[in-house]
Trainee: 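There's a structure below that I have some questions on.
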Amino acid sequence: MKLDWQSIKDFLTYQIIEAKEKGDFHLDTWMVILAIVALLATKVLLRVLKKILTRKMDHSDKLKFDSIFRFFNYLVYIIVILVILNSSGADITALLTASAALFVGIGFALQDFFKDIIAGITIIVDKSVLVNDIIEVDDKVGRVFEIKLRSTRAITRDDKVLIIPNHLFLSDIVFNYTQNHAKTREKVGVGVAYGSDTRLVEKILLEVANNQKGVLKSPEPMVLFQNFGDSSLDFELFFYVRDAFTDPKIKSSLRFEIDKAFRENKISIPFPQRDLHLVSSNITWKKDDEKTD
């Protein structure tokens, strides 16, 4: 069977949309075929690129990368479509100029959105925050359970979901309790009455800490005599825990045991006291009409 090259040429050059004048937009059959091939080739190349970039990532990192790469896909497809339109004779310069004001308005409206996107990429790349990290933002403590491109979600100690816009990780101070390791140092402060045996106080605090469930044996708990307060001798008990998320329960248990041990050893925890001194003065009043010699 002989190929009819003229028929093939006529098919490829068939104008679906004819140009009104020379240089105007037109659409031939070969342009449609080229557009389909270009889009399919772009799709294949993006898949190959994604496979190369994620081949050494673990499952959680791949899920995070998918959000970023999806945004990159949209950008690449827009560029390919603009190139195809330009090759078809469309004046994309006029199109971009006409939509410039719209793009500027959208840019202002979405500036926080893009800040969150950039921050999300930064968090995922440098791993400043990871799933299961315990963080503190605006005096709120939570355990991270999901990191998305725009926001990070954490569960608080009250079992509430804390949704944090990612740009806050770049603009605000965020404490990451578990960035270096799972252990964190905590403290409980207590004051005792003046005249108390300070070494006995230290011994009791260490015994309570060493017997408390959840307090690590290594590093060992430590007691510091912090200050001579207005109404008390101030001590602080320092100790390490493995789960900073539940440390309020441990601190509460320690305070119960400290109060019990102090009562058993006749050590009192004073309340603030103030001495009030009243000074009276004798005032002699002299009548205006009183005569003097």
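Quick caveat: nothing in here was measured; it's all calculated off a predicted structure.
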Trainee: Looking at CG of L200 and CG of N265, how far apart are the two atoms once the value is rounded to the nearest 0.5 Å?
Mentor: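 L200 CG to N265 CG: 5.0 Å, rounded to 0.5 Å.
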Trainee: Under a 4.5 Å cut-off applied to non-hydrogen side-chain atoms, are T42 and L46 in contact?
Mentor: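 In contact.
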Trainee: The criterion is salt bridge (charged side-chain N to carboxylate O under 4.0 Å, His left out); which residues satisfy it with D243, sequence neighbours excluded?
Mentor: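 If we apply the salt bridge (charged side-chain N to carboxylate O under 4.0 Å, His left out) test to D243, skipping adjacent residues, the hits are R143.
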Trainee: Apply salt bridge (charged side-chain N to carboxylate O under 4.0 Å, His left out) to D133 and list each qualifying residue two or more places apart in sequence or on a separate chain.
Mentor: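 Result, salt bridge (charged side-chain N to carboxylate O under 4.0 Å, His left out) vs D133: none returned.
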Trainee: Which atom names give the shortest non-hydrogen contact between A244 and T184, and what distance separates them?
Mentor: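 The answer is CB-OG1, 3.3 Å.
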Trainee: Is there a path from I269 to L237 through hydrophobic residues (I, L, V, M, F, W, Y) whose side chains come within less than 4.5 Å of each other?
Mentor: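 Yes; L237 is reachable from I269 via cluster members.
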Trainee: Might you point out which heavy atoms bring Y194 and S231 nearest each other, and give the distance in Å?
Mentor: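 In this case the closest contact between Y194 and S231 is CE1-C, 4.0 Å.
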Trainee: Rounded at 0.5 Å granularity, tell me how far CG in L40 sits from CG in L45.
Mentor: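 It is 11.0 Å, given to the nearest 0.5 Å.
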Trainee: Considering residues at least two apart in sequence or located in another chain, which fulfil the salt bridge (charged side-chain N to carboxylate O under 4.0 Å, His left out) criterion with K187?
Mentor: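 E236.
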Trainee: Please answer whether the main-chain N or O of A193 pairs with a side-chain N or O of S196 as donor and acceptor at a distance below 3.5 Å.
Mentor: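 Checking the backbone N and O of A193 against the side chain of S196, a donor-acceptor pair under 3.5 Å is found.
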Trainee: Under 3.5 Å, side-chain donor or acceptor atoms of residues 207-220 against the rest of the protein: list the pairs with distances, not counting sequence neighbours.
Mentor:
| residue | atom | partner | partner atom | Å |
| --- | --- | --- | --- | --- |
| N210 | ND2 | L206 | O | 3.0 |
| N211 | ND2 | E207 | O | 3.0 |
| K217 | NZ | N210 | O | 2.0 |

Trainee: Mind checking whether I164 and F245 sit in one hydrophobic cluster, side chains of I, L, V, M, F, W, Y counted as touching below 4.5 Å?
Mentor: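 Each belongs to a different hydrophobic cluster.
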Trainee: Which heavy atom of S232 sits nearest a heavy atom of P270, and at what distance?
Mentor: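 That would be CB-CG, 3.5 Å.
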Trainee: Any side-chain heavy-atom pair from T178 and N176 closer than 4.5 angstrom?
Mentor: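 Sidechains of N176 and T178: in contact.
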Trainee: Ring pair (Phe, Tyr, Trp, His ring centres under 6.0 Å): which pairs involve residues 144-179, sequence neighbours left out?
Mentor: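 Passing the test, one end in residues 144-179: no pairs.
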Trainee: So, using side chain to side chain contact (heavy atoms under 4.5 Å, CB included) as the criterion, who are the partners of K249 when residues are at least two apart?
Mentor: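 Scan of K249 (side chain to side chain contact (heavy atoms under 4.5 Å, CB included), adjacent residues dropped) gives none.
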Trainee: Examine V141 and I250 and state if one hydrophobic cluster contains both, with Ile, Leu, Val, Met, Phe, Trp and Tyr joined whenever side-chain heavy atoms are less than 4.5 Å apart.
Mentor: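 No, separate clusters.
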Trainee: Could you pull out all residues at least two apart from K266 that satisfy side chain to side chain contact (heavy atoms under 4.5 Å, CB included)?
Mentor: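 Side chain to side chain contact (heavy atoms under 4.5 Å, CB included) list for K266, sorted by chain: empty.
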Trainee: Same hydrophobic cluster for I155 and I147, using side-chain heavy-atom links shorter than 4.5 Å among ILVMFWY?
Mentor: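 The answer is no; the residues belong to distinct hydrophobic clusters.
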Trainee: Can you list everything that forms a salt bridge (charged side-chain N to carboxylate O under 4.0 Å, His left out) with E136? Sequence neighbours excluded, please.
Mentor: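 Applying salt bridge (charged side-chain N to carboxylate O under 4.0 Å, His left out) to E136 gives none.
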Trainee: Among the clusters formed by ILVMFWY side chains lying less than 4.5 Å apart, do I135 and I163 turn up in the same one?
Mentor: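 No: no chain of side-chain contacts under 4.5 Å links I135 to I163.
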Trainee: So how far is it from T152 OG1 to I123 CD1, rounded to the nearest 0.5 Å?
Mentor: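 So the OG1 of T152 and the CD1 of I123 are separated by 4.5 Å.
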Trainee: Show the nearest heavy-atom pair for residues A119 and L170, with the distance to one decimal.
Mentor: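 Heavy-atom minimum between the residues: CB-CD1, 3.5 Å.
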Trainee: Please report the interatomic distance CG(L49) to CZ(R47), rounded to the nearest 0.5 Å.
Mentor: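 It is 13.5 Å, given to the nearest 0.5 Å.
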Trainee: Taking only distance into account, with no hydrogens and no angle test, what donor-acceptor pairs under 3.5 Å do side-chain atoms of residues 255-263 form with protein atoms, sequence neighbours excluded?
Mentor:
| residue | atom | partner | partner atom | Å |
| --- | --- | --- | --- | --- |
| D259 | OD2 | R263 | NE | 2.9 |

Trainee: Supply the atom-to-atom distance K251 NZ to T246 OG1, rounded to the nearest 0.5 angstrom.
Mentor: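 If I round to the nearest 0.5 Å, the distance is 11.0 Å.
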Trainee: Side chains of N132 and V144: closer than 4.5 Å at any heavy-atom pair?
Mentor: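 No; the side chains remain at least 4.5 Å from each other.
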Trainee: May I have all residue pairs that pass salt bridge (Lys or Arg N to Asp or Glu O under 4.0 Å) and include part of residues 156-168, sequence neighbours excluded?
Mentor: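 Residue pairs with at least one partner in residues 156-168: R157-D247.
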Trainee: Give me each pair satisfying ring pair (Phe, Tyr, Trp, His ring centres under 6.0 Å) with a member in residues 203-231, each pair once, sequence neighbours excluded.
Mentor: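 Sorted result for residues 203-231: F225-F228, F225-F235.
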Trainee: Connecting only ILVMFWY residues whose side-chain heavy atoms lie within less than 4.5 Å of each other, what is the rest of F238's hydrophobic cluster?
Mentor: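 Once heavy-atom contacts under 4.5 Å are chained together, F238 belongs with M222, L224.
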